[in-house]
There are 2 protein chains.
Amino acid sequence: MGTVSRVLNQHPAVSEATRAAVQEAIASLNYTPNPSARRLSSGRTLTIAIIVPFFTRPSFVERLRGVVAVLNQSEYQLVIYNVETPQQRDLYLHDLPRRSRFDGLLILSLTPTDAEAERLQQSGVPVVLIDAFHPLLHGVGVDDVAGGALATGHLIALGHRDIGYISDLIDCPYRFIASRARLQGYCQALAAAQIPCDPRYQQEATQHGVREAREAARLLLDRPQPPTAVFAASDTQAFGVLQAARARGLDVPAQLSVIGYDDIEMAEFWHLTTVHQPLSESGAEGARLLLAAMAAPFDSPRQIRQPLTLIQRQTTAPRV
Amino acid sequence: MGTVSRVLNQHPAVSEATRAAVQEAIASLNYTPNPSARRLSSGRTLTIAIIVPFFTRPSFVERLRGVVAVLNQSEYQLVIYNVETPQQRDLYLHDLPRRSRFDGLLILSLTPTDAEAERLQQSGVPVVLIDAFHPLLHGVGVDDVAGGALATGHLIALGHRDIGYISDLIDCPYRFIASRARLQGYCQALAAAQIPCDPRYQQEATQHGVREAREAARLLLDRPQPPTAVFAASDTQAFGVLQAARARGLDVPAQLSVIGYDDIEMAEFWHLTTVHQPLSESGAEGARLLLAAMAAPFDSPRQIRQPLTLIQRQTTAPRV
DNA sequence: CTGTTAGCGCTTTCAG
DNA sequence: CTGAAAGCGCTAACAG
């Protein structure tokens with residue numbers, strides 16, 4: 001029994017002969033080790049949890065895909081906790097490391113508060129944030145301020161000066177921070193071009209979604225001097241802007257330029273100019289980082305920044 | 001210890017007094033039972049597996065969402081096996097009930113062969129198919145033949161006679177069967193209206209995706225007598241048809257009617273007429289069915305048929 | 001109704 | 001290098 005276990009766990013102290021013999025026996029008996037027993041005696045749960053908000057949203061599910069791809073190759077199981085209310089968010093972030101047990105925890109797109117981060121850190125289970133950062137924790141993601149500036153800079157370079165910004169709530173109960181960071185980049189780019197940053201060109205949608213973004217865009221287009229270009233903080237929201245433009249009979253890009261963010265699959269099909277960020281790769285990288293941290297803890301939080309790329313398609317054009 | 005266990009597992013044979021005392025002790029000690037130990041001694045894994053093909057596709061992820069919602073409320077963990085190659089499909093369907101251990105298995109949109117179904121049945125773990133059926137297994141889903149007829153009937157009722165059909169491969173290595181069933185319904189509806197079912201109006205795309213559907217639609221529109229209406233076997237493919245029409249300068253719905261299938265979220269935003277089927281609800285129902293079957297096996301396979309609804313939006317119109 | 005006890009099937013010492 | 005043996009922390013069967 002002890003020897004069998006050593007073979008199964010690739011322990012080096014086994015002679016080649018017995019190793020082979022055991023492996024043959026295993027094969028012929030069609031033996032499968034019982035994972036529950038393994039977990040109990042080894043003290044490892046062989047389970048990794050991931051907290052995901054709205055995991056059906058294209059960008060989140062794409063990241064999740066990267067996580068699944070990496071973990072399916074490992075010995076770890078992935079358990080998903082889907083967050084669809086602020087209460088769930090707080091509950092999971094607060095209780096998860098305690099209530100059940102995991103060998104590692106991934107958190108997607110949710111930025112912990114300092115208190116939450118501290119608690120997470122002290123829980124002892126390795127944590128990696130994906131698409132989010134906190135000084136106390138490992139993290140993988142892009143620089144959204146730079147991304148906001150990249151998108152806005154593209155519009156400015158095309159000659160636009162009246163540039164709208166559409167996003168989710170800047171202060172939302174889930175503590176998504178992307179909208180704020182991209183707004184910051186937007187303002188920076190405007191400032192660099194000496195264009196005043198007019199809050200009347202900034203519309204927050206109360207909810208994430210095409211419909212809400214469409215309404216927000218409508219408000220922008222209703223202004224006395226409507227923007228000639230709009231930067232939407234996500235591709236989904238950019239679709240809403242496209243719809244609002246179409247409803248108004250505005251030609252995109254001749255009369256209105258639209259740029260999105262994320263480069264989800266649909267963006268290509270609708271020829272949307274957007275800022276590409278590695279989605280599934282961020283999940284894969286986060287999972288790898290977690291696996292590494294579980295194998296041998298790092299001394300200090302590791303922060304991985306992934307690159308952003310401007311993808312020029314057919315929804316942006318020079319200002320006429 | 002025994003008593004504590006009884007309290008935790010809501011065993012009836014405990015007096016109110018001791019129950020309360022134990023619960024207080026649990027609370028004050030901040031005690032959490034170790035799930036691994038529970039699993040080992042009880043012989044239950046408290047885990048349910050789900051095999052999902054391409055779980056990032058909108059309709060699949062929406063179904064998955066229903067599963068997650070139900071199982072997160074139960075004591076079971078969900079482990080996802082994502083299928084992205086035919087080999088993975090065969091491997092998982094063949095090995096999963098054996099290799100690791102689950103208390104239950106969900107299979108999404110993949111129809112097992114008779115041999116696979118038999119093996120699954122004999123493995124002893126309860127299995128529920130979602131969006132698929134097999135006489136030996138429990139299943140939840142819609143009647144895709146009826147759905148195909150519903151979509152096609154709508155176009156016929158609008159006066160169309162030259163009606164195209166665009167779908168995935170009818171014979172695909174994943175054994176998705178929806179495309180074939182919907183084609184069957186399409187043919188039935190045509191026959192009922194005494195319209196010949198011309199195979200030149202049927203285009204299979206080699207892959208699922210907007211791009212491939214766009215190419216397929218292009219072929220259809222290139223025909224000497226192009227169809228005046230197209231039924232796409234999924235909303236995603238319908239988007240491809242819309243693009244092909246737009247690229248050709250065809251007005252939808254004035255010159256070309258397009259109907260999809262599934263009613264994914266995006267369908268509403270692009271005003272797509274489509275056949276609505278319960279997506280997240282199919283997952284939820286499947287999970288509930290599995291939980292029930294795990295609690296008390298049914299004598300014979302339970303098949304739940306969910307309703308289909310025609311959703312008329314703005315991509316279909318009477319033939320001019 | 002409650003305390004005691006024997007496993008669940010592994011991993012991991014510890015001798016040999 | 002390889003057997004034997006002691007748990008891991010629960011559940012469930014058994015006495016009391």
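The figures that follow rest on heavy atoms only: side chains count, while hydrogens, waters and symmetry mates do not. Per chain, numbering begins at 1; letters A, B, ... match sequence-line order. Nothing here was measured: the structure is a model prediction, and the numbers come from that model.
Contact annotation for Thr18(A): backbone-only contact, meaning every heavy-atom pair under 4.0 Å involves sugar-phosphate atoms and none involves a base. Using a 4.0 Å heavy-atom distance criterion, Arg6(B) is classed as a base contact.
A salt bridge is absent between Arg119(B) and Glu116(B); no separation between the charged side-chain nitrogens and carboxylate oxygens falls under 4.0 Å. Note on Arg38(A) versus Glu75(A): salt bridge recorded, some NZ/NE/NH1/NH2 to OD/OE distance being below 4.0 Å.
Closest to the side chain of Leu40(B), from the set dT11(C), dG9(C), dT2(C), is dG9(C). In this structure, of dG7(D), dG9(D), dA13(D), it is dG7(D) that holds the atom nearest to the side chain of Ser41(A). Nearest to the side-chain atoms of Asn9(B) among the listed nucleotides dT11(D), dG9(C), dT2(D) stands dT11(D).
For Thr3(A), a side-chain nitrogen or oxygen approaches OP1 or OP2 of dG3(D) to under 4.0 Å. Close to dC8(D), at under 4.0 Å from its OP1 or OP2, lies no side-chain N or O of Asn34(B). Applying the 4.0 Å criterion to OP1 and OP2 of dT11(D), one finds that Ser42(B) has every side-chain N and O outside that range. At the phosphate of dT2(D), OP1 or OP2 sits under 4.0 Å from a side-chain N or O atom of Ser15(A).
Where Leu8(A) and Val14(B) meet DNA chain C, the nucleotide closest to each residue was compared, and Val14(B) sits on the side nearer the 5' end.
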